[in-house]
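Everything on this sheet refers to the single structure shown next.
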Amino acid sequence: MKEEKIKKGSQIGPAKGRLGVLIPGLGGAVSTTFITGMEAVRKNGASPIGSLAQMGTIRLGKRTEKRIPKIKDFINLADLDDLAFYGWDIYEDNCYEAALKAGVLERDHIEGVRPLLEGIKPQKAVFKKEYVRNLEGHHVKSEHDYPELIEALKTDIENFKKENRIDRCVMIWCGSTETYLKASEVHQTIKKFENGLERNDPNISPSMLYAYAAITSGIPYINGAPNLTVDIPAMVDLADKYEVPIAGKDFKTGQTLMKTIVSPGLKARLLGLNGWYSTNILGNRDGMVLDDPGSFKTKEESKLSVLEHILQPDIYPTLYNHFYHKVTINYYPPRGDNKEGWDCIDIFGWLGYPMQIKINFLCRDSILAAPLVLDLVLFADFAQRAGMSGIQEWLSFYFKSPMYAEGLYPEHDLFIQLAKLKNTLRYLMEEEQITHLGIEYYVK
Ligand SMILES: NC(=O)c1ccc[n+]([C@@H]2O[C@H](COP(=O)([O-])OP(=O)(O)OC[C@H]3O[C@@H](n4cnc5c(N)ncnc54)[C@H](O)[C@@H]3O)[C@@H](O)[C@H]2O)c1
């Protein structure tokens, strides 16, 4: 991203017209919970609970100034009424049928917005079973070669834009977790990647085809899964070339959210850690996909890196050099989307005396994820209008495994991430950065 391209304050493009929200995985639990909730907010006056963009505030200037607007009043975000939903899935259920099957929301909530949901039907997906072994779907594009599949996706997007008078779009991946892929040669440069597309290189997964179609159409791409997708040099370069924002990976909800809330507190108080054992039961389709070792490995990598980065064992060897970190996910159908997670945390304090913390989080996965989808769509669109291209590190707040520039390490601490997000908004709106020094209130 070039600094001279960044627009600030009144230079930031207006949020006029309709914003298309393009969702691979349209029929999934996260996607249908998000869309149903959006309609309940727009039509029935529900509160967008959990959305920083809608409900959060930002302090500006000194505490004595008492300027604390809502974020949505501080920056020009798209109006919720201007959002239009579109997407792809390997199952052909419309969003009404898919929301009922997902089993997250009560029937009343879904019936209340039924006409809108029935009108949103997935397009045929770009799907290859090798990448998501536990799914079997037939609502899939017939083209075989990668360049043709990309063209088919681009045609879908163009048709949607034309038919619905859409001005701008954001693509957000709410599709399944793909099998584990490591960055390899084909992912290193745009040229190598494009050559790989020509020969249907197996290191290029379906999610990368969606991302390529989006980026080369000038559409920001957000990765809600732990898939490698845009976390490769070729895609980062592509995003810079087409001047679009990208962000990922893996929505930060549930156990990892708790981890990034609790562990910064332990470190702040210099309490040591011997071990952190996390396990959970989950019975939705995501749980079924993650029951495959390939998809689980992708998820495991994403979940495991968090503590290492927050606790910095190299800087605090006495406290964190030898902690044992284990994460397991168990597919248990009776619980559906209502995940139950257990964390057993073995810590130590003064003179090494051991203590224990237990967290038993009975969460609802998609209820936690839906507001993140909303915020990411709104902020990615805002970033695009502000000329912020490439990796959007300021959106790390939303991800388990945030993307970061070469030579850096990722910032996982939720509170640092929040400060980074708000300071980015202050920077873009030409407001003073808040350092929390506070001495100015005492120096006479
Ligand atoms: N709290 C959360 O729910 C949460 C948190 C972090 C990450 N995630 C990730 O978000 C994603 C969605 O989660 P979910 O609970 O909605 O899962 P889900 O299984 O209910 O939905 C995923 C949908 O993607 C579809 N799909 C799979 N491959 C596709 C393809 N190539 N093209 C189009 N559609 C495709 C599936 O058919 C399914 O309908 C998963 O990758 C999950 O790991 C979810």
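In each ligand, atom 1 is the first atom listed, and ligand 1 is the first ligand listed.
Nearest protein heavy-atom neighbour of atom 10 (O) of ligand 1: Gly224 O, 3.8 Å. Scanning all protein heavy atoms for the shortest distance to atom 27 (C) of ligand 1 gives Ser176 OG, 3.1 Å. From the protein, the heavy atom lying nearest to atom 14 (P) of ligand 1 is Val30 CG2, 3.7 Å. Atom 4 (C) of ligand 1 has Thr253 OG1, 4.0 Å as its closest protein atom, hydrogens excluded (heavy atom only). Of the protein's non-hydrogen atoms, the one nearest atom 37 (O) of ligand 1 is Asp89 OD1, 2.7 Å. Closest to atom 6 (C) of ligand 1 among all protein heavy atoms lies Phe251 O, 3.0 Å. The single protein non-hydrogen atom nearest to atom 39 (O) of ligand 1 is Arg285 NH1, 2.5 Å, given as residue, atom name and distance. Given atom 17 (O) of ligand 1, the protein heavy atom at minimum distance is Asp286 CB, 3.6 Å.
Residue contacts with ligand 1: Ala102 is excluded, as none of its non-hydrogen atoms falls under 4.0 Å. For Lys400, the closest heavy-atom approach to ligand 1 falls below 4.0 Å. Under a 4.0 Å heavy-atom criterion, Gly27 is in contact with ligand 1.
Comparing Phe34, Phe127, Tyr131, Tyr210 against atom 33 (C) of ligand 1, the shortest heavy-atom distance belongs to Tyr210. Closest heavy-atom approach to atom 12 (C) of ligand 1 within the set Ser31, Cys174, Gly28: this belongs to Cys174. The residue among Val126, Ile329, Asp250 with a heavy atom at the shortest distance from atom 30 (C) of ligand 1 is Val126.
Those atoms of ligand 1 with a heavy atom of Trp173 less than 4.0 angstrom away are 30 (C), 31 (N). Every atom of ligand 1 is numbered from 1 in the order shown, and the set under 4.0 Å from a heavy atom of Ala369 is 1 (N), 2 (C). Ligand-side atoms of ligand 1 in range of Trp88: 33 (C), 34 (N), range being under 4.0 angstrom from any heavy atom. For ligand 1 and Ala125, the ligand atoms under 4.0 Å from any heavy atom of the residue are 32 (N), 33 (C).
The aromatic rings of His309 and Tyr409 sit parallel to each other, their planes meeting at less than 30°, with 60° as the upper class boundary.
Within the 6.0 Å centre-distance limit, the rings of Phe34 and Phe85 are counted as a close aromatic pair. When ring centroids are compared, Phe323 and Trp276 stay outside the 6.0 Å threshold.
A donor atom on one side chain and an acceptor atom on the other are not found under 3.5 Å apart for Asp231 and Asn223. A donor atom on one side chain and an acceptor atom on the other are found under 3.5 Å apart for Tyr398 and Asp375. Side-chain atoms of Glu340 and Asn280 include no donor-acceptor pair closer than 3.5 Å.
Around atom NZ of Lys101, no more than 12 heavy atoms belonging to other residues, nucleotides or ligands sit under 6.0 Å away. The environment of Lys129 atom NZ is dense: over 12 non-hydrogen atoms of other residues, nucleotides or ligands sit within 6.0 angstrom. Around CZ of Arg42, the count of heavy atoms belonging to other residues, nucleotides or ligands within 6.0 Å exceeds 12.
Distance NZ/Lys43 to CG/Asp81: 6.5 Å, rounded to 0.5 Å.
The proximity of Lys252 to ligand 1, defined as any non-hydrogen pair under 4.0 Å, does not occur for either the backbone or the side chain. When heavy-atom distances to ligand 1 are checked against a 4.0 Å cut-off, Asp365 comes that close through both its backbone and its side chain. At a heavy-atom distance under 4.0 Å, only side-chain atoms of Tyr91, from C-beta outward, approach ligand 1.
Shown here are the side-chain contact (heavy atoms from CB on, under 4.5 Å) partners of Lys141, two or more places apart in sequence or in another chain: Trp88, Lys124, Val126, Glu143, Leu149, Ala152, Leu153, Asp156. Under the side-chain contact (heavy atoms from CB on, under 4.5 Å) criterion, Ile416 pairs with Glu411, Asp413, not counting sequence neighbours.
The distance criterion of under 3.5 Å between nitrogen or oxygen atoms is met by Ala29 with respect to ligand 1.
Classification of Asp343 and Lys358 as a salt-bridged pair fails, no side-chain N sitting under 4.0 Å from a carboxylate O.
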